[in-house]
Amino acid sequence: MRGIQLSQYVKGPKELKVTELLDPTPKPNQYLIEVHAAATNFFDILQIQGKYQHQPPFPWVSGAEFSGVVLATPSDSKSPRFPVGSRVFGGSQGAYATRVCAAEHELLPMPSGWSFADAAGLFVTAPTSYGALVQRAGVKAGDWVLVHAAAGGVGLAAVQVAKAFGATVIATAGTPRKREVARMFGADHVVDYGDPTWPDQVRKLTPKGRGVDIVYDPVGVVDKSTKCIAWNGRILVVGFAAGQIEKVAMNKVLLKNISLVGIHWGAYARFEKEMIPVVWQGINKLIEQGKFKGTVFSDKEFVGLESIPDALLALGGRETWGKVVVKIPQSGGSKL
């Protein structure tokens with residue numbers, strides 16, 4: 001196969017190289033997948049630099065999110081969920097290659113009618129946003145929801161989930177193009193969070209200036225968000241894309257009777273496995289109803305493993321929106 005393998009850490013994506021490699025050997029509980037598309041994530045950039053919390057032993061193939069076709073089923077399974085030829089998407093180390101191994105719990109069936117590119121970016125963003133808004137914050141019709149970094153992968157997923165449940169969505173984003181994209185995916189109002197008055201702008205948009213009921217924050221602006229949240233509001237702590245883990249004055253939490261609510265979707269497999277199928281059933285229902293669509297960045301196309309460094313640079317440079325996905329053509333001429 002061909003792939004991007006690391007035998008030492010690199011300074012950045014430009015140093016990544018595509019090479020010929022031996023096909024991966026699946027463990028008895030793993031499927032072998034032909035990769036048709038791979039999605040990029042910020043943690044991929046951290047991992048190749050040795051800065052991520054999960055660092056595999058060298059040598060290892062980069063990438064962790066993909067879609068493709070099952071080539072072989074687990075040797076220890078008499079009734080595998082996904083027969084050879086099944087179209088699947090999932091998350092497993094080694095996605096930046098033409099083939100990858102994955103266990104059954106790391107795979108899901110591709111939604112009907114979805115492209116490989118759209119499905120490749122679904123495994124991380126959709127359940128994070130659905131789990132946060134529905135399971136943790138209890139979003140409901142009539143709520144006002146503020147989504148920060150709304151044009152990002154989890155942001156666009158959050159906008160769609162909130163709208164599907166009948167909420168009014170205020171989206172923040174840093175450029176005119178990103179605010180336009182947030183509107184394209186359903187945001188009712190958009191605000192530039194580069195403007196220091198954004199909390200006041202958000203509050204004034206809500207009925208009688210009461211503030212929003214839910215804040216979805218993958219950036220790390222909890223403290224400023226307390227200025228525009230309603231009594232009994234919930235602030236979802238999703239991540240810290242701004243680069244710093246912020247400190248919050250807790251008297252604000254008390255005075256407004258608000259809740260700070262964490263969401264660590266990756267840890268559900270360890271602590272609350274039973275919730276995973278519930279969340280995916282909810283997502284699939286929204287997909288079937290046409291209320292949730294793929295969020296692939298389409299202003300520029302990335303095709304082939306050789307384009308992965310450029311895709312990661314674009315992602316890291318904050319010049320993209322949605323999910324940056326790389327299409328990986330197969331030698332057999334398989335359609336993407």
Verify same cluster id: Leu312, Phe43 (apolar side-chain graph, 4.5 Å): no
Could you tabulate the donor-acceptor pairs under 3.5 Å formed by side-chain atoms of residues 148-177, not counting sequence neighbours?
residue, atom, partner, partner atom, Å
His148, ND1, Thr172, OG1, 3.0
His148, NE2, Ser225, OG, 2.9
Gln160, OE1, Lys293, N, 2.8
Gln160, NE2, Leu156, O, 3.4
Gln160, NE2, Lys293, O, 3.2
Lys163, NZ, Asp188, OD1, 3.0
Lys163, NZ, Asp188, OD2, 3.0
Thr172, OG1, Ala149, N, 3.3
Thr175, OG1, Lys178, N, 3.1
Arg177, NE, Asp299, OD2, 3.1
Arg177, NH1, Glu180, OE1, 3.0
Arg177, NH2, Asp299, OD1, 2.8

Ignoring hydrogens and angles, tell me if any N or O in the side chain of Thr98 forms a donor-acceptor pair with the backbone of Arg2 under 3.5 Å. yes
If you compare all heavy atoms of Lys51 against all heavy atoms of Gln55, which two are closest, and at what distance to 0.1 Å? N-OE1, 3.4 Å
Donor-acceptor pair, side chain of Ser77 and main chain of Thr73, under 3.5 angstrom: no
Validation row: Tyr193, Val221 side chains within 4.5 angstrom (heavy atoms): no
Which atom names give the shortest non-hydrogen contact between Arg234 and Asp143, and what distance separates them? NH2-OD2, 3.8 Å
Looking at residues at least two apart in the chain, or sitting in another chain, which of them share a side-chain hydrogen bond (donor to acceptor under 3.5 Å, both in side chains) with Glu288? none
Heavy-atom pair of closest approach, residues Leu108 and Phe123: CD1-CE1, 3.9 Å
Evaluate the ring planes of Trp321 and Phe297, with Trp represented by its six-membered ring, and classify them as parallel (under 30°), tilted (30 to 60°) or perpendicular (over 60°). perpendicular
Are the side chain of Asp217 and the backbone N or O of Val222 linked by a donor-acceptor pair below 3.5 Å? yes
List the atom of Ala311, the atom of Thr40, and the distance in Å for their closest heavy-atom pair. CB-CG2, 4.0 Å
Measuring centre to centre across the rings, with the benzene-like ring taken for any Trp, is Tyr9 within less than 6.0 Å of Phe58? yes
Would you say Asp223's side chain and Val248's backbone share a donor-acceptor pair under 3.5 angstrom? no
Applying the side chain to side chain donor-acceptor pair (under 3.5 Å) criterion to Gln93, which one of His54, Gln47, Glu106 satisfies it? Gln47
Is a side-chain N or O of Ser115 found less than 3.5 angstrom from the main chain of Asp118, in a donor-acceptor match? yes
Check for me, please, whether Val134 and Leu122 land in the same ILVMFWY cluster - side-chain distances under 4.5 Å, paths through other members count. yes
Taking all non-hydrogen atoms of both residues into account, name the closest pair between Trp198 and Leu146 and its distance. CZ3-CD2, 4.2 Å
Give a yes or no answer on whether the side chain of Thr206 reaches the backbone of Gly211 with a donor-acceptor pair at less than 3.5 Å. yes
Does Ser67 use its side chain to pair, donor to acceptor, with the backbone of Phe89 at less than 3.5 Å? no
Pairwise side chain to side chain donor-acceptor pair (under 3.5 Å) hits with a residue in residues 256-265, at least two apart: Asn232-Asn257
Do the side chain of Gln30 and the main chain of Ala103 share a donor and acceptor less than 3.5 angstrom apart? no
Residues Leu305 and Ile4: closest non-hydrogen pair is O-CD1, 4.0 Å
